[in-house]
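Notes to accompany the following structure.
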Amino acid sequence: MGIRGKGRRFGIAAALFFVFLFLAFLLLVSCGPPKGGNGAGGGRKLEEGGRISQELVYTHSMDIRYAKGFSVDYYERGYVLFTLSDTGRFLAVPEGLGVPEDLSPDIVPLRQPVQQVYLAASGVMDMFVALDALDVLGFSGLRPEGWYIPEARKAMERGDILYAGSYGEPDYERILSGGCSLAIENTMVYHVPEVAEQLRQFSIPVLVDLSSREEEPLGRMEWVRLYGALLGKEEEAKAVFSSQEAKLKALEGKGKSGKTVAFFYITADGKVNVRKSSDYLAKMINLAGGDPMFPDLGAEGGSSSTVALQMEEFYATARDADYLVYNGAVDGGITCVDELVAKHRLLGEFKAVQEGRVFCTEKNLYQSSMKLGTITEDIYKMLEQEGDGMVFIYRLEQ
């Protein structure tokens, strides 16, 4: 074969090679994410773990402004994907539609409508009350007398919501026989992992609420938008959240009062429990114009939101605080200054005690998870109006 023949064959081979490369390029482009959203089909999840299902077409994501612990992605035909930081993914499956056959195995299907929910996360109850959604709850992890939310207590007294054991010892028989479709736990369930595992063995999905890990007050309350999406009450959730957001935003422009606040309670063994500087309550004091007495406490991190101090250590830092606020949500509260001083004689030497600026929180402080804007307003009223018109805080009698 001559040189010209060999060249012709080489040219044909080269042409075929470039045609192959071009076809491969077209194939890659056609398999990439479709236009729209953040890579439609899997939304943001394409970046994290690939398309969740070939059947689901991504449309948009919830615009979350403050919360760090969850995301919500919407898909065609009403499917909704909930992603909770470090705790799992859940897919709300619209009534009458099926679970996608190729759904990613780590995603837990939640068939709509959810009903007979076992609520062991007490901080979530106020969100369901705000959404007018108590009718989806079937079981509570607290007894009626454990609720300081009137709507919850009345629902249990009527028998609309039944006590089904605490988060650590649920009444599995009652939960199963009652047709429970979802258990909502708080992070305490991590201390008893066998409980969550047993519920899953009974085919009851377990959603661990992480709102308590949010350091910003608005981040905590924004979790109501997750439950609004889960229950088909997005607009109601947005409205109740926006009302509390407006309260906090209104306080931001009022400036600092220069007054210091010590927020605490006395433990059973005589130590003083104080909130860390990164905690949401410390930030609410700041938003109200006050200065927490322990601005750098707990800077080393850790999962707990509080630090236990010896009384002498607390006294050394907080004795000149302008205001003392006793956390009555823990031990039921106190009514007068004498009851406070009876807990430790050193408390009688504090400036705020001697000048009559000692307050206490109501028992329902922690359960009122959708009232953080109102609670911050109370702190502002304490600092600027000597406590007139407060809802969650009251002045101790002298």
message: Counting neighbours of NZ on K238 that are heavy atoms of other residues, nucleotides or ligands and sit closer than 6.0 Å, is the number greater than 12?
response: no
Tightest non-hydrogen contact, residues S122 and N186, listed as N-ND2, 4.4 Å
Output field: ring centroids F314/F264 closer than 6.0 Å: yes
Taken in chain and number order and not counting sequence neighbours, the residues that satisfy salt bridge (charged side-chain N to carboxylate O under 4.0 Å, His left out) with E252 are K249
In short, Y190 meets V208 closest at the heavy-atom pair OH-CG1, 3.5 Å
Rounded to the nearest 0.5 Å, the CG atom of D338 sits from the CD atom of E397 at a distance of 10.0 Å
Distance col, row S277:OG vs L297:CG, nearest 0.5 angstrom, shows 6.5 Å
Between L365 and A329, the two heavy atoms sitting closest are CB-CB, 3.8 Å
In L226, V108, L207, the residue satisfying side chain to side chain contact (heavy atoms under 4.5 Å, CB included) with F82 is L226
Taken to the nearest 0.5 Å, the spacing of S257 OG from L383 CG works out to 4.5 Å
* Asked: Do Y79 and D73 have side-chain atoms, one donor and one acceptor, less than 3.5 Å apart?
  -> no
Ionic contact status for K259 with D291, cut-off 4.0 Å: no
So the salt bridge (charged side-chain N to carboxylate O under 4.0 Å, His left out) pairs with at least one residue in residues 57-70 (sequence neighbours excluded) are R65-E245
Over 60° means perpendicular and under 30° means parallel, so tell me whether Y323 and F359 are parallel, tilted or perpendicular.
tilted
More than 12 heavy atoms of other groups within 6.0 Å of E355 CD: yes
Distance col, row R89:CZ vs I52:CD1, nearest 0.5 angstrom, shows 6.5 Å
**Message:** Are Y227 and F128 an aromatic pair, judged by ring center distance below 6.0 Å?
**Reply:** yes
**Asked** Is E235 atom CD crowded by more than 12 heavy atoms from other residues, nucleotides or ligands, each under 6.0 Å away?
**Response** no
Looking only at side chains, do S61 and Y58 share a donor and an acceptor under 3.5 Å apart?
yes
Residue pairs meeting salt bridge (charged side-chain N to carboxylate O under 4.0 Å, His left out), one or both in residues 204-226, sequence neighbours left out, come to E215-K283, E216-K283, E222-R225
Donor-acceptor contacts under 3.5 Å from residues 195-205 side chains, at least two apart:
residue: E197; atom: OE2; partner: Q201; partner atom: NE2; Å: 3.0

query: Are T317 and E313 close enough that a side-chain donor and a side-chain acceptor fall under 3.5 Å?
result: no
Verify the neighbour count for atom NZ of K256: are there more than 12 heavy atoms of other residues, nucleotides or ligands below 6.0 Å?
yes
Next on the checklist: Other residues, nucleotides and ligands only: do more than 12 of their heavy atoms fall within 6.0 Å of CD on E95?
Outcome noted: no
Step by step, work out the side chain to side chain contact (heavy atoms under 4.5 Å, CB included) result for V129 and I149. CA-CA 9 Å; V129 171; I149 299 174; 3.9 Å; yes
One should read off an interatomic distance between S53 OG and E101 CD, to the nearest 0.5 angstrom, of 9.0 Å
| said: Does R319 qualify as a cation-pi partner of F350, given the criterion of NZ or CZ under 6.0 Å from the six-membered ring centre and within 45 degrees of its axis? | reply: no
So the salt bridge (charged side-chain N to carboxylate O under 4.0 Å, His left out) pairs with at least one residue in residues 359-374 (sequence neighbours excluded) are D126-K371
### Task
Using a cut-off of 6.0 Å, state whether more than 12 heavy atoms not belonging to D331 lie near its atom CG.
yes
The reported gap from CZ in R111 to CG in L91 (rounded to nearest 0.5 angstrom) is 10.0 Å
Residues 160-180 vs side chain to side chain donor-acceptor pair (under 3.5 Å), sequence neighbours excluded, gives R158-D160
- Which class fits the ring pair F241 and Y66: parallel under 30°, tilted 30 to 60°, perpendicular over 60°? tilted
